[in-house]
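We name chains A, B, ... by the order of the sequence lines, and we start the count at 1 in each one. Reckoned from all heavy atoms, side chains included, excluding hydrogens, waters and symmetry mates.
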2 protein chains.
Amino acid sequence: MTPRRDPRPAAERGHSGGGARHGGAPGGTLTGSIEDYLKAIYALEELTDLPATTSDIAERLDIAPPSVSGMLRRLATRKLIRHERYRGVSLTPAGRKAALKTLRRHRVIEAYLASVLGFSWDTVHAEAERLEHAASDELIDRMAAALGDPATDPHGAPIPTRDGTLVIVPTQLLAEQAVGTSARVASVGDEDGELLRYVGSLAIRPGAVVKVVSRAPFDGPLTLEVSGSGAKAGRTHVVGSTVARAVKVDKPR
Amino acid sequence: MTPRRDPRPAAERGHSGGGARHGGAPGGTLTGSIEDYLKAIYALEELTDLPATTSDIAERLDIAPPSVSGMLRRLATRKLIRHERYRGVSLTPAGRKAALKTLRRHRVIEAYLASVLGFSWDTVHAEAERLEHAASDELIDRMAAALGDPATDPHGAPIPTRDGTLVIVPTQLLAEQAVGTSARVASVGDEDGELLRYVGSLAIRPGAVVKVVSRAPFDGPLTLEVSGSGAKAGRTHVVGSTVARAVKVDKPR
DNA sequence: CATCGTAATTAGGTGAACCTAACTTTTGCA
DNA sequence: TGCAAAAGTTAGGTTCACCTAATTACGATG
Ligand SMILES: [Mn+2]
Ligand SMILES: [Mn+2]
Ligand SMILES: [Mn+2]
Ligand SMILES: [Mn+2]
């Protein structure tokens, strides 16, 4: 009569989801896939202040749109998102909380790998993308503590605190920075390792100061001066719009 | 005509298997489940020098025997084990290699967590059990290097080298040690956290020297003297056969 | 050497997370 | 305002890794 074994879905048990932590979080344990969807939705909402669309999520996660539709239904059932059919999704408080928790894990891991284990800033993201689903809360806390609870990750992105608070510093894209002005680099997008290696070779990293010398029309290339230490510092460089949209600078005021 | 996307099974892609590393290992990437099966088979073969049986594997992994049968068929198809129907399984060279690789990962992670991040020896196993499937080779190498390529994990178990060599020190179970003799503790089984906490409280850990004072018949309790530093050291203790079978001591010669 | 208990396998599910092909809804634009 | 393209969903698969119930093989014993 009584089932012999753990009747939970496979993904929530030992393996296959990666999401099996220990503490019984309200609403049940989240799989690794779910954590990545929530992170993606969070990032898209943040970016546009609008509901995230199916195709944006699909593109970001490199998953076919119908697969996303299916997952969104599951996320809605679990009350992690609100889904208006054909319109898009937004995170519920529970979903946002879970997204920020995963984001904290991701960024703490990145910071630890870079600071303590000597990983380069273009390799930490891929590693963190997997470890974020396998590390316990305990491990994340210990890594953060070992670094003195860092405020940002190696790419300059703010690290959510243990209680789910994310400090939002006003920034704008380097692509939007006025010609002739200087600004401090706040962060660089961490998804594309090649881009990070290139940007790093130009001494563009969080804290560096960049001056926009000129901007070609029609989303054209940007001429920059990077002031900072290093061999290439102080020289001018021409970067394309992809790079200019991957770099965030402090907003002037 | 051409398939739009990655046609690999879901478990080998982004998530769901945990086994998706980066380097294209020969024979295809292994899922986290497969890695755990191979580790279990390796341990059972090591223990008895006989083919591992379905029910032993099932018990060790807490999985129903029919599920194990199914997985064994898949492992045999992938040439990781040899399977004689109704008889048992043994690892092929490829399977053994994979098992040792996972074992190395597991033990390096345990050692790192204990030495660098201050985890206690009774908590590292659970953490390593998940991280072993998500960490890259690079990460394992860096953790091992940070510790000066340790020879053993916190429980005294030898760590396989990068090239898959495992140093086998002749040991016997504390349960088999002759009455009246002393021996150095080589290792303690790491699966049961509660047991580790208890054993640790008796100052029984790798390197400690234990003397068997007496042994009650019929698999009965053992009276021990633990010599070493610590408050409880030098006192006698009585431990049951479960503990006596979890502790390995150097073999006399 | 027949039999019976145990071990192993087969048969037939399930849910998660993906896919392509086909269909429906929304929307941008002539 | 009508209509085609784009976006989103539904329909119908697949694989993985688990499950229970039923069946088959093995091997110990009388
Ligand atoms: Mn991830
Ligand atoms: Mn980052
Ligand atoms: Mn494991
Ligand atoms: Mn261990």
- Task: Using a heavy-atom cut-off of under 4.0 Å over every strand shown, decide if B/S67 touches base, sugar-phosphate, or nothing.
- Result: base

- Task: Grab the CZ-C1' distance between B/R74 and C/dT9 for me, whole Å please.
- Result: 14 Å

- Message: For A/R107, is there an ion pair with A/E132 - N to carboxylate O distance below 4.0 angstrom?
- Response: no

- Distance, rounded to the nearest Å, where B/I63 contributes CD1 and D/dC19 contributes P: 6 Å

- Task: May I ask you to say whether A/E35 pairs ionically with A/K39, meaning some side-chain N is under 4.0 Å from a carboxylate O?
- Result: no

- Item | Within 45° cone and under 6.0 Å: A/R96 NZ/CZ vs A/Y42 ring | no

- Send over the distance from A/R73 CZ to D/dA11 C1', rounded to a whole Å. 11 Å

- Message: What is the distance, to the nearest angstrom, from the CG atom on B/L72 to the P atom on D/dA17?
- Response: 13 Å

- Task: Kindly say if B/S33 contacts the phosphate of D/dC18, meaning a side-chain N or O under 4.0 Å from OP1 or OP2.
- Result: yes

- Taken to the nearest whole Å, CD/B/E59 to P/C/dT6 is 15 Å

- Message: Tell me whether the side-chain N/O atoms of A/S55 come closer than 4.0 Å to OP1 or OP2 in D/dG8.
- Response: yes

- Qualifying ring pair (Phe, Tyr, Trp, His ring centres under 6.0 Å) pairs with a residue from residues 85-111 of chain B, counting only residues at least two apart or across chains: B/H106-B/H125

- Which part of the nucleic acid, if any, lies within contact of B/S69, taking any heavy atom under 4.0 Å across all strands shown: a base, the sugar-phosphate backbone alone, or nothing? base

- Query: Quick one: salt bridge (Lys or Arg N to Asp or Glu O under 4.0 Å) partners of A/R162, sequence neighbours excluded?
  - Reply: A/D141, A/D149

- May I ask you to evaluate whether B/Y37 reaches the phosphate of D/dC16, defined as a side-chain N or O under 4.0 Å from OP1 or OP2? no

Identify each atom pair where a protein N or O and an N or O of nucleotides 22-29 of chain D are less than 3.5 Å apart, giving names and distance.
{"from": "D/dC26", "atom 1": "O3'", "to": "B/R87", "atom 2": "NH2", "distance (Å)": "3.4"}

- Taking for each residue the nucleotide of DNA chain C bearing the nearest heavy atom, is the 5' side occupied by A/M71 or by B/E84? B/E84

- Message: Quick one, A/D36 with A/S33, criterion side chain to side chain donor-acceptor pair (under 3.5 Å). Give me CA distance, side-chain angles, the key distance, then yes/no.
- Response: CA-CA 5 Å; A/D36 281 342; A/S33 272; over 6 Å; no

- Message: Below the 4.0 Å mark, does D/dT9 have OP1 or OP2 next to a side-chain nitrogen or oxygen of A/T54?
- Response: yes

- Task: Report yes if at least one side-chain N or O of A/H83 is closer than 4.0 Å to OP1 or OP2 of D/dT9; otherwise report no.
- Result: yes

- Query: What is the distance from CD1 of B/I57 to P of C/dA8, rounded to the nearest Å?
  - Reply: 9 Å

- Note on the structure: When rounded to whole Å, the CG to P distance for the pair A/L50 and C/dT27 reads 13 Å

- Item | Value in whole Å for how far the P atom of C/dA17 lies from CG of A/L38 | 11 Å

- What is the minimum heavy-atom distance between B/R197 and B/W121, and which atoms define it? N-NE1, 4.3 Å

